[in-house]
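Step one of this worksheet: look at the structure below.
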Amino acid sequence: MSSSGVLQAGGNITVDGTALWTDILETARIGGTPKGGVRRLTLTEEDRQVRAWFAAACTALGCTVTHDSMGNQFARRPGRDATLPPITMGSHLDTQPTGGKFDGIVGVLGGLAVLRALHASGFETRHPIELINWTNEEGARFAPAMLASGVFAGVFTEQEALDKTDRDGIRFGDALAAIGYRGEAPCGDHPVAAYFELHIEQGPILEAEGKTIGIVTGVQGMRWYELTLTGRDSHAGTTPMTMRADALLAAARIIEAVSAVALAHGPNAVGTVGLLENRPNSRNVVPGEVFFSIDLRHPDDAVVAAMEADLRARIEQIVTDAGIGLEMARVWDSPAVHFDPACIASVRAATDSFGYPARDIVSGAGHDAAYMARVAPTTMVFVPCAGGLSHNEAESAEPGDVAAGANVLLRAVLDADIRLDA
Ligand SMILES: [Zn+2]
């Protein structure tokens, strides 16, 4: 659809950026921290309060607000044709323990700004428009992340999700019931025409390039590995260098290789060793065993596979040369997600209609949209955040950028409203 399609579809409507910013500051008080961040773990009292705020705000705009058996909230604005499935927007209102005011929140409150703009103008869409607040996107209290959108998309069963426990042994299902959000409607029994998610980039690219909008084409592929290297504990003073089996030295060489492999498959490849346990971890013992993780990511699954093959060959060589035993397991494989070309075209047309500086971008992090892409045409819109900083109380975004993102969300939804089921 060209931008003329957007203009036909209420192209003169824009969001109220001031009201959106006020909403961000108001909700940031629920679980607000002294350092200016937000601590609003899923299914806590703070989560209950922000859910009630969300429901009241949407109801005031004429929406019907419901929640399903996983506690996902849906605010529905009717369209002209009640037989059509809704065009949806969404993200999450839960945060990390030391989270910021924007991660997830911009997507939900940006969607609220869209509903407010439609309500204020009285514009009638063909499809119902729905705004979704997903339960437990962060996975900080109940692992894994994106748990409820995962159930919605059939990635996890509802029972396995309900049985997850937090560090205090509290069941997800019990915590959900305790805050009053275990709904009757089965999670996932809810057709969706399209899904759009506005989010901060959580990386530094848009800011560095002076772009306002990231047109998100997909989510990169990720693979996680766990390795145990086995050498021989021995005395640091009496064991000659030539007679050691130093597991930590071999690990260091592998860490170097992870970085080299990522650089060799650049510029879009990343490789990280973020967790390492050295045993016995004593200052005068040559380390006999090391356990560590590897995280490899690239937008193209074929490149992720090539990175793995390259890395495995280098690791084999390192452990053979060092006389070290190796156990290596791939513990997670998340294929690259390619968002829907028509939804991406709607975001592009919307961005062009405002003339915002923009670039295509692949998400480096997981989002609810990655699971929604399995069950509905889906894409995302990114806006910059200061220094690329996220999952941090100092997370920051500019009011103008957030409003621009919500404007793109609005026009992309209106564009899809014309184009879909036509
Ligand atoms: Zn998020």
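In listed order, ligands and their atoms are each counted from 1. The shown structure was predicted, so the numbers you read here are calculated from the model rather than taken from an experiment.
Among the atoms of H367, no N, O or S atom falls under 2.8 Å of the Zn ion (ligand 1). Taking backbone and side chain together, D103 holds an N, O or S atom under 2.8 Å from the Zn ion (ligand 1).
Closest to the Zn ion (ligand 1) among the N, O or S atoms of H92 is NE2.
Between the side chain of T272 and the main chain of G274, no donor-acceptor pair closer than 3.5 Å is present. T88 places no side-chain N or O within donor-acceptor distance of the main-chain N or O of E130, the cut-off being under 3.5 Å. Without hydrogens or angle criteria, E395 side chain to G37 main chain gives no donor-acceptor distance under 3.5 Å.
No option in I361, I344, T379 other than I344 meets the side-chain contact (heavy atoms from CB on, under 4.5 Å) test with T217.
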